[in-house]
Number of protein chains: 2
Amino acid sequence: MKTQELYQLVWMSRPLMQAAEACVESGLAGTDLTVRMRAVLEILRAGGDLAVPEIAAKLEINRQYVQLMVNETLASGFTELRPNPRHKRSPLLTLTDKGRELIDNVITREMEIIRTIGSELSDEEVSTALNVVSLVTSRLRAQDGST
Amino acid sequence: MKTQELYQLVWMSRPLMQAAEACVESGLAGTDLTVRMRAVLEILRAGGDLAVPEIAAKLEINRQYVQLMVNETLASGFTELRPNPRHKRSPLLTLTDKGRELIDNVITREMEIIRTIGSELSDEEVSTALNVVSLVTSRLRAQDGST
DNA sequence: TTCATAATGACAATATCAATGTCATATTGA
DNA sequence: TCAATATGACATTGATATTGTCATTATGAA
């Protein structure tokens, strides 16, 4: 029955996430990057320069914890502060050359792994899976939010 | 491109898991059950009576932490100990009537939610999604394990 | 039967991730 | 101008889980 399979799919989310995180972590070995610092660099790479509260909003994590993550990237020289024209007290965080090169390399390697796995799957299958997972996620959120 | 979508799918695993866990937690409100106690009851329900180390193996969690979870279910009267014919020092954990009724109700309600969400999807889509997620999980594990 | 080895439950310490609380200060916008 | 708010910094707490240790007891092989 379909319900059983869908139930299984939902419960696969934890193993999948754990496997993915373990891979990400392996990919960071040898660099000075931690998984949470990586998240900051990734967001800056995709979204341009951002202030701490903006990063917190994008990551849906509280601002205090993001501040911590950001401070680590600053300390390691992967990011630096630039004046924020929109807010004088909350500077923009920007990737340094070093930081940009690192996150580019990290993501490239990750994509390579994904590309290899993807070679076993059709475009159709991947699209369907993504659609299903997206829908289920949003429905579960709605379910919980309304309760 | 497919690789992008597959990458997205992998990164959806965290939001999906969080949404699922939030739902599970909501479903437990009003009961004396916590999410981790629920995991113990669920495994006993599916796998029959088990000793603590066996539960730990099934959950792929270390035995010390499982012991903690199990002790909580004992304290709340959802499980009880039975002599273990296979091992004199490690008793079998079994569901009490109270525990069985509770976990049955909890899972029934969860299945109901899943059934509702599933009504928007075809059997084909769900099967494909489950296959994709399973394959990606195992490939990521292999990737990481080999590194 | 004996005995070294391994398994078990109990407990403590540590780690990680994250939320929450608080505060002084600076900034914003009415 | 000034009240309300945002921000960074710091502290506290909590949840989840791992690791380490130990005494006791089974277990299984010689």
Side-chain angles (χ1 to χ4, degrees), chain A residues 11 13-15 17-22 24-26 28-29 33-40 42-43 49-75 79-94 144, chain B residues 11 13-15 17-26 28-29 32-40 42-43 49-75 79-94 144:
Chain A
W11 284 99
S13 63
R14 173 182 284 268
M17 195 206 69
Q18 286 174 336
E21 287 211 338
V24 167
E25 208 170 348
S26 294
L28 298 181
L33 215 51
T34 62
V35 176
R36 66 191 189 186
M37 287 162 72
R38 179 198 167 288
V40 172
E42 185 182 32
I43 264 212
D49 300 351
L50 294 169
V52 168
E54 293 168 335
I55 297 174
K58 291 216 181 200
L59 290 176
E60 296 180 4
I61 299 179
N62 62 82
R63 134 193 109 74
Q64 289 90 336
Y65 189 57
V66 171
Q67 186 77 51
L68 183 72
M69 297 158 66
V70 163
N71 288 349
E72 290 172 349
T73 67
L74 285 167
T79 59
E80 59 190 6
L81 298 176
R82 293 172 59 88
N84 184 354
R86 310 183 74 177
H87 197 300
K88 286 182 185 164
R89 203 181 170 196
S90 194
L92 290 177
L93 207 69
T94 189
D144 184 50
Chain B
W11 284 98
S13 63
R14 174 182 284 271
M17 194 207 69
Q18 285 175 336
E21 287 210 339
C23 260
V24 167
E25 207 171 348
S26 294
L28 298 181
D32 290 339
L33 214 51
T34 62
V35 176
R36 66 190 189 187
M37 286 161 72
R38 179 199 167 287
V40 172
E42 185 182 33
I43 264 213
D49 301 350
L50 295 169
V52 167
E54 293 168 335
I55 297 175
K58 292 217 180 202
L59 290 177
E60 297 181 2
I61 299 178
N62 61 81
R63 117 196 123 74
Q64 290 89 335
Y65 189 56
V66 171
Q67 186 76 51
L68 182 72
M69 297 158 65
V70 162
N71 288 350
E72 290 172 349
T73 67
L74 285 166
T79 59
E80 60 191 6
L81 298 176
R82 294 172 58 87
N84 183 354
R86 309 184 73 178
H87 197 300
K88 286 181 185 163
R89 204 182 168 193
S90 195
L92 290 177
L93 207 70
T94 189
D144 186 47

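Throughout, a chain's letter reflects where its sequence line sits, starting with A, and its residues are numbered from 1.
- A donor and an acceptor atom, one from each side chain of B/Ser26 and A/Asp144, are located under 3.5 Å apart.
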What verdict does the side chain to side chain contact (heavy atoms under 4.5 Å, CB included) test give for A/Leu28 and A/Thr34, after you've listed the backbone C-alpha separation in whole Å, the side-chain angles of each residue and the deciding distance to 0.1 Å?
CA-CA 7 Å; A/Leu28 298 181; A/Thr34 62; 5.7 Å; no
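- Regarding A/Ile55, its CD1 atom lies at a distance of 12 Å from the P atom of D/dT7, rounded to whole Å.
- Closest-nucleotide positions on DNA chain D for A/Arg14 and B/Pro85 were compared, and the one nearer the 5' end corresponds to A/Arg14.
- Contact of the B/Arg89 side chain with the B/His87 side chain is registered, since non-hydrogen atoms from C-beta on lie closer than 4.5 Å.
- Residue A/Asn62 places at least one side-chain N or O under 4.0 Å from the OP1 or OP2 atom of C/dA19.
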Heavy-atom protein contacts under 4.0 Å, nucleotides 2-14 of chain C, coded B base, S sugar-phosphate only, - none
-----BBBBB---
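- B/Leu68 comes within contact range of no nucleotide atom at all, as no heavy-atom separation falls under 4.0 Å.
- Of all heavy-atom pairs between A/Pro83 and A/Pro85, the closest is O-CD, 3.4 Å.
- Among all heavy-atom pairs drawn from A/Met69 and A/Leu59, the shortest one is CE-CD1, 4.0 Å.
- Atom P of nucleotide D/dC10 and atom CD of A/Glu72 are separated by 14 Å, given to the nearest angstrom.
- When rounded to the nearest whole Å, the span between CD1 of A/Ile61 and P of D/dA15 equals 19 Å.
- The backbone N or O of A/Val70 lies less than 3.5 Å from a partner atom in the side chain of A/Thr73, making a donor-acceptor pair.
- Side-chain atoms of B/Glu54 come within 3.5 Å of backbone N or O of B/Ala51 as a donor-acceptor pair.
- Residue A/Arg86 places no side-chain N or O under 4.0 Å from the OP1 or OP2 atom of D/dA6.
- Computed from coordinates, the B/Glu25 CD to D/dA15 C1' distance equals 10 Å when rounded to whole Å.
- Residues that satisfy the side-chain contact (heavy atoms from CB on, under 4.5 Å) test with A/Asp49, not counting sequence neighbours, are A/Arg82, A/Leu92, A/Thr94.
- The CE-P distance, from B/Met69 to D/dA15, rounds to 15 Å in whole Å.
- The side chain of B/Lys88 has D/dA26 as its nearest neighbour among C/dT27, D/dA17, D/dA26.
- Considering only heavy atoms from C-beta on, B/Leu50 comes within 4.5 Å of B/Ile43 through its side chain.
- Per the geometry, CD belonging to B/Glu21 stands 14 Å off P belonging to D/dA15, to the nearest Å.
- Taking five base pairs at each end of the helix from C/dT1-D/dA30 to C/dA30-D/dT1, the local helix axes there meet at an angle of 30°, rounded to 10°.
- The distance from atom OH of A/Tyr65 to atom C1' of D/dA11 is 16 Å, rounded to the nearest whole Å.
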